[in-house]
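Report on one structure; see the data block that follows.
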Amino acid sequence: MASDLPDKFIVFGAPDIRREEIDEVVDSLESGWLGTGPKVQRFENEFAVYRRVPTDRVAALNSCTAALHVSMLAAGIGAGDEVITTAMTFCATVNAVIHAGGIPVPIDIEPDSLNIDPQLLESKITSRTRAIIPVHFAGRSCDMDRICAIAEKHDLLVIEDCAHAIETEWHGRAVGTFTDFGCFSFYVTKNVTTGEGGMVIARSAKAIERIKILSLHGMSKDAWHRFGDKGYKHYQVVDAGFKYNMMDLQAAVGIHQLSRVEQAWERRREIWQHYQEAFDNSPVGMPSDPEPDTRHGHHLYTVTISADACGVSRDEFLTRMQESRIGVGVHYQCLAEHPYYMERFGWRAADFPVASAFGASTVSLPLSARLTDAEVNYVIDRTLAIISS
Ligand SMILES: *Cc1c(COP(=O)(O)O)cnc(C)c1O
C-alpha cells in the first residue's frame, strides 16, 4: 500500500555522520593541512587504544584493500605462494593476494558460523602454502583457537580480514590482534567510516615501519613528516611503494566515528536482536545467535530466502524490497561465481556447496545505527508481507 511507504529511501548501510565530524573536517580545511598529518596520528593512537595494542603497531591507510595488500607484502608473500581463505568474502580479500603475486585458495564455510571451515583447512595445505586469511564474516569471530593452532603446526602466517569486525572479540581478545596482521575497513557502509579508509594492526613494530614506507611511495620514514614545521628534510626512496596513505580529512571523520563506536554497536545489537525475535517461527532463515564468550560485531544481518519456504525467489525478494524503498544487500555471491576467478583459477561453485547455496539465497537487511524503530518495524513488516503474499 502506498500509504505504507516511508518518506525517504532507507539507504543500506547509511553512515551516521554528526555535527562533530562536520566541524572537524571544516577545521582541517581551514588549517590548510588536508593530507597525512596530526589527525591521522591521533586517529591511529585512538584506534590502538580501542583495540588495546601499542601505538607503534598500527598504520592508517586509505582502504582495507590497501591494508591487505601491504600486509601480504610485509609478510613476504610473493610469486607462487598459496594463501588460503574463505569462499564467502568480498573480492578484495583475494585480489590483494593476487596483487602480491600469490595464488588465493578459497575453501568452503561452516553452515552455522558462515566462517571458513577449519575442518577443511588442513586438507588444502600444500608445500607452497604460506598464509591463511580468516574473514570474520558479518562480525562473527572465526574460531581463532583452531586457526592459530593449524597455522602454528604448519608454520603459516595469518592475516585477519577484520573489515566487518571492529568491535569483535574472541574469548575476551580483540580480533585482528591475535595474529601477524589484522586489516580493518572504514568504507562508507562499515561500522566506523572515514568515507574510504583502512587500518592495519601488526604484531611487530618493524612490520608497521615497512608498511608505512610501502604505503607512501617507498619513501624513507621521515617522509611522513617532511611538510611539518621541524625544518626541511630530504627523503630517500628505498622501495617501489604505493599511494595508500590516509588523509587528515578522512581521519577527521574517523576520530568522531570511533568515539561513538560502542554506542553505535549497542544500537545495531538492539536492531539485530529485534530482527531475530521478529523472524523466529517465520520461513525466513535467520543467522545463528552469537557464540558464548565472544563478541559479535553485528555488522550485517543476513537472512536466507528460499523459494520453497518463502514462496518468492531471493532475487524477486530483493526487487520487492527495493520497490518498498528499502535498500538491501547481498553478502556475498560465492567467489567462485565470478568469471575472472573461474577463468584464471578454474574455480567452480559446485566445489563450495555451502558458500554457493548461502550466496544464492542470502539477503542483508538494513542494520545502520541510524535506523529509527519505525524504520526497523517497517523493514520487518515488509519482509513478512513479501514472503507471505
Ligand atoms: C569492505 C571489505 C573489504 C574492503 O574494504 P575497503 O576498505 O573497501 O578496501 C575487504 N574485505 C571485506 C570482507 C570487506 O567487507
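Note that ligands are numbered from 1 as they come in the structure, with each ligand's atoms numbered from 1 the same way. Sequential numbering from 1 along the given sequence is applied to the chain's residues.
Ring orientation note: the planes of Tyr341 and Phe345 are close to parallel, at an angle under 30° on the 30°/60° scale. Between Phe137 and Phe358, the ring planes lie perpendicular to each other; the angle is over 60°, past the 30° to 60° tilted range. In this pair, His298 and Trp265 present their aromatic rings tilted. The plane angle is within the 30 to 60° band.
If you number the atoms of ligand 1 from 1 as listed, the ones under 4.0 Å from a heavy atom of Thr89 come out as 13 (C). If you number the atoms of ligand 1 from 1 as listed, the ones under 4.0 Å from a heavy atom of Thr93 come out as 11 (N). Residue-ligand proximity, Cys64 to ligand 1, at heavy-atom distances under 4.0 Å covers atoms 4 (C), 5 (O), 6 (P), 7 (O), 9 (O). Listed by number with element, the atoms of ligand 1 under 4.0 angstrom from any heavy atom of Gly197 are 7 (O). Of all atoms in ligand 1, listed by their number and element, those nearer than 4.0 Å to a heavy atom of Ser63 are 7 (O), 9 (O).
Between His331 and Phe12, the distance separating the two ring centers is shorter than 6.0 angstrom.
Geometrically, Arg203 does not engage Phe181 in a cation-pi contact, judged by NZ or CZ lying under 6.0 Å from the ring centre and within 45° of the ring axis.
Between Ala67 and ligand 1 there is no heavy-atom distance shorter than 4.0 Å. The shortest separation from a heavy atom of Tyr332 to ligand 1 is under 4.0 Å, placing the residue in contact. At least one heavy atom of Lys190 sits closer than 4.0 Å to an atom of ligand 1.
Although no hydrogens or angles enter the test, the distance criterion places no donor-acceptor pair under 3.5 Å between the side chain of Trp170 and the main chain of Arg295. The main-chain N or O of Ile133 is found under 3.5 Å from a side-chain atom of Thr85 such that the two form a donor-acceptor pair. Formation of a donor-acceptor pair under 3.5 Å by the Thr193 side chain with backbone atoms of Tyr187 is found in this model.
Closest protein heavy atom to atom 7 (O) of ligand 1: Ser185 OG, 2.7 Å. In this structure, the protein non-hydrogen atom closest to atom 4 (C) of ligand 1 is Thr65 OG1, 3.7 Å. The closest protein non-hydrogen atom to atom 8 (O) of ligand 1 is Tyr187 CB, 3.8 Å. Nearest to atom 12 (C) of ligand 1 among the protein's heavy atoms is Ala163 CB, 3.4 Å.
Heavy-atom neighbours of Asp155 CG from other residues, nucleotides or ligands within 6.0 Å: at or below the threshold of 12.
Inclusion of His164 in the set of residues having an N or O under 3.5 Å from an N or O of ligand 1 is warranted. The shortest N or O to N or O distance between Val135 and ligand 1 is not below 3.5 Å.
With respect to Lys39 and Glu44, no salt bridge is recorded, no charged nitrogen being found less than 4.0 Å from a carboxylate O.
When Asp161, Thr194, Asn62, Asn95 are checked for heavy-atom proximity to atom 13 (C) of ligand 1, Asp161 turns out nearest.
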